[in-house]
Q: 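Below is the structure I would like to discuss, written out as structure tokens.
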There are 2 protein chains.
Amino acid sequence: MKLSTKGRYGLTAMLDLALNYGEEPVALKNVAERQGISEPYLEQLIAGLRKAGLVKSVRGAQGGYILAYPPDKITVGDVMRVLEGPLAPVDCVIENEPVSCEKADHCVTRIIWEKIRDSINQVVDSITLQDMVDEYNRINGQKGYMYYI
Amino acid sequence: MKLSTKGRYGLTAMLDLALNYGEEPVALKNVAERQGISEPYLEQLIAGLRKAGLVKSVRGAQGGYILAYPPDKITVGDVMRVLEGPLAPVDCVIENEPVSCEKADHCVTRIIWEKIRDSINQVVDSITLQDMVDEYNRINGQKGYMYYI
DNA sequence: AATAAAGCCTAGTTAATAGCTTGGAATTCT
DNA sequence: AGAATTCCAAGCTATTAACTAGGCTTTATT
């Protein structure tokens, strides 16, 4: 019941982009350095986010990435679902997917999994990157350097 | 972000015991057959539950397992934590465990993980095996045979 | 007392997956 | 032209999940 590094690194990277929203594109090299993540690995993660339309890339020298939308239009759930897949504790309660298990209608444990799924989704869908930026500013105030992660 | 078969099979097995609470001990062989789980594998799972004090065993012929407490005294969370470990999406928010990450005080993503952790725990700690038994009876009513899982 | 039915215990095994690394091509600013 | 970047595909390695195998111990039944 753990998240993978994809979800963790990816959300951190998106927060990094959110903190730099409105400025020049951010090179992945810089994100990787600030956050202590392997750059080529992060490259793979952000490729998924780009294909999902959450970030835009600018190629070539002085290029980098920017959020495709303002931080208040992107939720943690948007990011996590791209990186982790459907946020369901078991396959039989993945949203918008037909249930293959023939016992589903009589299954009591399935009801538990649905409740867990819903509670997770309620959390991640109610928090935007802007909320995280605000929290970042509240916690780290006028400090001279950036604590990200 | 998926549960393992330990959590899934284990909760199903505990529901099986709860449905038989107050009667003779239930042999693992029967649980395994009803639920379609490999018996020796289930044996390992229930060993953990026994060591955690959630079930009692009766050895020898006609032996088996019984819940150590009435079904309304055992929560889904009790069971899941034994089988899956702490229900935290990342290690840095495991309850009652010192945080090793030195950035924790300045970490914004960590707040997200805490909220996810809390929402999961709120769900599983508020549902008892008795709740599941009641739901089972509501769904399956007077049917002739048992749909478990 | 013998037998069979159960739980108990430890150690394999196997396939999949996570978490990267490697290498190079394409693009664009300076 | 050259450097800085994104883009793409493949390969690698250690860990883990999900079992299986085999044998010992306990106890009700006959």
Side-chain angles (χ1 to χ4, degrees), chain A residues 1-13 16-17 20 23-68 80 82-85 89-91, chain B residues 1-13 16-17 20 23-68 80 82-85 89-91:
Chain A
M1 205 47 183
K2 289 280 187 290
L3 288 171
S4 70
T5 54
K6 290 182 192 177
R8 291 195 283 121
Y9 293 173
L11 185 60
T12 299
D16 196 309
L17 296 188
N20 288 287
E23 309 183 13
E24 300 301 297
V26 182
L28 222 48
K29 187 187 167 195
N30 297 328
V31 179
E33 263 173 21
R34 277 193 290 263
Q35 312 302 345
I37 304 171
S38 141
E39 188 191 341
Y41 186 43
L42 190 53
E43 212 171 77
Q44 291 177 29
L45 306 187
I46 207 141
L49 293 165
R50 183 176 53 81
K51 282 167 192 162
L54 294 179
V55 302
K56 288 185 211 164
S57 65
V58 179
R59 301 189 68 171
Q62 312 312 115
Y65 292 90
I66 51 175
L67 295 184
M80 297 304 287
V82 170
L83 296 164
E84 296 280 335
V90 301
D91 286 342
Chain B
M1 204 48 181
K2 289 279 187 289
L3 289 170
S4 70
T5 55
K6 292 183 190 175
R8 291 194 282 123
Y9 292 173
L11 185 60
T12 299
D16 196 309
L17 296 187
N20 288 287
E23 306 182 16
E24 300 301 298
V26 182
L28 221 49
K29 187 189 167 194
N30 296 329
V31 179
E33 263 174 20
R34 276 193 290 265
Q35 312 303 344
I37 304 171
S38 141
E39 188 191 340
Y41 186 43
L42 190 53
E43 214 170 72
Q44 293 177 26
L45 307 187
I46 207 143
L49 293 165
R50 185 176 53 80
K51 282 167 191 160
L54 294 180
V55 302
K56 288 185 210 163
S57 65
V58 179
R59 299 188 67 170
Q62 312 311 117
Y65 292 91
I66 52 176
L67 295 184
M80 297 304 289
V82 169
L83 296 163
E84 295 281 336
V90 301
D91 286 342

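Both backbone and side-chain heavy atoms feed into the values below; hydrogens, waters and symmetry mates do not. Just so it is clear: chains get the letters A, B, ... in the order the sequence lines come, proteins before strands, and each one is counted from 1.
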Q: Using heavy-atom distances to pick each residue's nearest nucleotide on DNA chain C, tell me which of B:Lys29 and B:Lys51 is more 5'.
A: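 Comparing both residues, the 5'-ward one is B:Lys29.
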Q: Could you tell me whether the side chain of B:Asn20 and the main chain of B:Asp16 form a donor-acceptor pair under 3.5 Å?
A: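 Side chain of B:Asn20 to backbone of B:Asp16, a donor-acceptor pair under 3.5 Å: yes, one is there.
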Q: Looking at B:Glu39 and B:Ala32, would you say the former's side chain and the latter's main chain have a donor-acceptor pair under 3.5 Å?
A: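 Flag not set: sc B:Glu39 to bb B:Ala32 has no pair under 3.5 Å.
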Q: The criterion is side-chain hydrogen bond (donor to acceptor under 3.5 Å, both in side chains); which residues satisfy it with B:Ser38, sequence neighbours excluded?
A: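 By the side-chain hydrogen bond (donor to acceptor under 3.5 Å, both in side chains) rule, B:Ser38 matches no residue at all.
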Q: Quick one: side-chain hydrogen bond (donor to acceptor under 3.5 Å, both in side chains) partners of A:Thr5, sequence neighbours excluded?
A: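 Partners of A:Thr5 under the side-chain hydrogen bond (donor to acceptor under 3.5 Å, both in side chains) test: A:Tyr41.
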Q: If a protein heavy atom is under 4.0 Å from the base, mark B; if only from the sugar-phosphate, S; if neither, -; do that for nucleotides 15-30 of chain D going 5' to 3'.
A: ---SBB----BBBS--
Q: If I compare all heavy atoms of A:Glu84 with all of A:Gly7, which pair ends up nearest, and what's the gap?
A: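 Taking A:Glu84 first and A:Gly7 second, the nearest heavy atoms are OE2-N, 2.9 Å.
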Q: When you look at CD of A:Glu24, are more than 12 heavy atoms from neighbouring residues, nucleotides or ligands closer to it than 6.0 Å?
A: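 No, the 6.0 Å shell around CD holds no more than 12 heavy atoms from other groups.
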Q: Look at all strands and tell whether A:Leu28 reaches a base, only sugar-phosphate, or nothing, counting heavy atoms closer than 4.0 Å.
A: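 Since only primed, P, OP1 and OP2 atoms lie under 4.0 Å of A:Leu28, the category is sugar-phosphate.
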Q: Reading DNA chain C from 5' to 3', where do the contacts with chain B start and stop? Cut-off is 4.0 Å to heavy atoms.
A: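 Counting from the 5' end, contacts occupy C:dA5 to C:dA11.
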Q: I need the full list of salt bridge (Lys or Arg N to Asp or Glu O under 4.0 Å) pairs touching residues 1-11 of chain B, with sequence neighbours left out, sorted by first then second residue.
A: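 Sorted pair list: A:Asp91-B:Lys2.
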Q: Under the salt bridge (Lys or Arg N to Asp or Glu O under 4.0 Å) test, which residues partner A:Lys29, sequence neighbours left out?
A: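 For A:Lys29 there are no salt bridge (Lys or Arg N to Asp or Glu O under 4.0 Å) partners, ignoring immediate neighbours.
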